[in-house]
Amino acid sequence: MKDTECLFCKIVDCEVPSEKVYEDATTYAFKDINPKAKVHVLVVPREHYRNVDELAKADAQLLAHMVEVAQTIADREYDGAYRLIFNTGEEAGQTVFHVHAHVLTGEPLDE
Ligand code: AMP
Ligand code: ZN
């Protein structure tokens, strides 16, 4: 179900512009507006889930698919190497409450 107030629902629906990197029937990926690495992509399901825990419980296959999409992007950008981050909860730095995987790649990453 869509959340009409959700920024990433609006991005998925093209109501807010984004730089698309990948899309398929269930998943959309776009460049982070404030990149923390040479390549910083956000992978989101088209459907609205609040965080990775909610997604894992509702549709584990879709979560696994998001990992596949991250891998595809990293294969294209940096020989398959990448860091995958799900900030979960405000205290952990989550600011947009539509589950998204940060894919950081394209250069060597600090530990
Ligand atoms: P988080 O802090 O884990 O919730 O991540 C939210 C991410 O969304 C941040 O890295 C922001 O830079 C990014 N972001 C916010 N607004 C946009 C936007 N309009 N287009 C692309 N990325 C965005
Ligand atoms: Zn949403």
Side-chain angles (χ1 to χ4, degrees):
M1 204 172 66
K2 298 283 177 190
D3 177 342
T4 50
E5 294 307 307
C6 170
L7 174 61
F8 289 175
C9 281
K10 288 181 181 162
I11 284 181
V12 164
D13 288 345
C14 297
E15 284 168 31
V16 168
S18 66
E19 278 192 71
K20 181 175 77 180
V21 172
Y22 173 91
E23 73 176 327
D24 62 29
T26 60
T27 308
Y28 185 78
F30 55 101
K31 290 187 183 171
D32 194 294
I33 207 167
N34 180 23
K36 298 281 167 44
K38 188 169 170 205
V39 176
H40 185 170
V41 172
L42 300 175
V43 179
V44 305
R46 291 185 184 278
E47 286 298 317
H48 182 91
Y49 298 95
R50 187 173 169 74
N51 58 37
V52 68
D53 179 57
E54 194 175 294
L55 172 61
K57 286 170 175 150
D59 193 342
Q61 211 178 338
L62 180 53
L63 175 57
H65 181 61
M66 287 173 69
V67 176
E68 280 178 353
V69 170
Q71 184 69 55
T72 300
I73 292 164
D75 286 346
R76 208 156 68 195
E77 297 289 345
Y78 199 49
D79 224 9
Y82 62 104
R83 183 170 295 162
L84 193 62
I85 298 170
F86 290 92
N87 293 327
T88 307
E90 222 168 303
E91 301 303 311
Q94 187 175 5
T95 59
V96 179
F97 290 84
H98 178 133
V99 62
H100 50 283
H102 294 259
V103 182
L104 302 174
T105 184
E107 63 180 343
L109 300 170
D110 292 340
E111 281 189 27

Which atom names give the shortest non-hydrogen contact between [X] and [Y], and what distance separates them?
X	Y	value
Ala74	Ala81	CB-O, 3.8 Å
Leu84	Ala101	CD1-CB, 3.6 Å
Val103	Ala70	CG2-CB, 3.6 Å

How long is the span from the [atom1] atom in [X] to the [atom2] atom in [Y], to the nearest 0.5 Å?
X	Y	atom1	atom2	answer
His48	Glu5	NE2	CD	11.0 Å
Gln94	Asn51	CD	CG	6.0 Å
Asp32	His100	CG	NE2	8.0 Å

In a table with atom names and distances, give each donor-acceptor pair under 3.5 Å that connects a side chain of residues 16-23 to protein atoms at least two apart or in another chain.
residue	atom	partner	partner atom	Å
Ser18	OG	Tyr28	OH	2.8
Glu19	OE1	Lys31	NZ	3.4
Lys20	NZ	Glu23	OE2	2.7
Tyr22	OH	Asp24	OD2	2.6
Glu23	OE1	Arg46	NH2	2.8

If a pair satisfies side chain to side chain donor-acceptor pair (under 3.5 Å) and one of its residues is in residues 101-111, list it, with sequence neighbours excluded. His40-His102
Any side chain to side chain donor-acceptor pair (under 3.5 Å) pairs touching residues 77-91, not counting sequence neighbours? Gln71-Tyr82
Same apolar cluster: [X] and [Y], side chain cutoff 4.5 Å:
X	Y	answer
Val41	Val67	yes
Leu42	Leu104	no
Val96	Ile11	yes

Taking ILVMFWY side chains as joined if any heavy atoms are under 4.5 angstrom apart, and letting links pass through other members, which residues group with Phe97? none
Can you tell if the side chain of [X] reaches within under 4.5 Å of the side chain of [Y], non-hydrogen atoms only?
X	Y	answer
Leu55	Met66	yes
Val99	Phe86	yes
Ile73	Val43	yes

Salt bridge (Lys or Arg N to Asp or Glu O under 4.0 Å): which pairs involve residues 53-63, sequence neighbours left out? Asp53-Lys57
Heavy-atom donor-acceptor pair, His98 side chain to Pro45 backbone, under 3.5 Å: yes
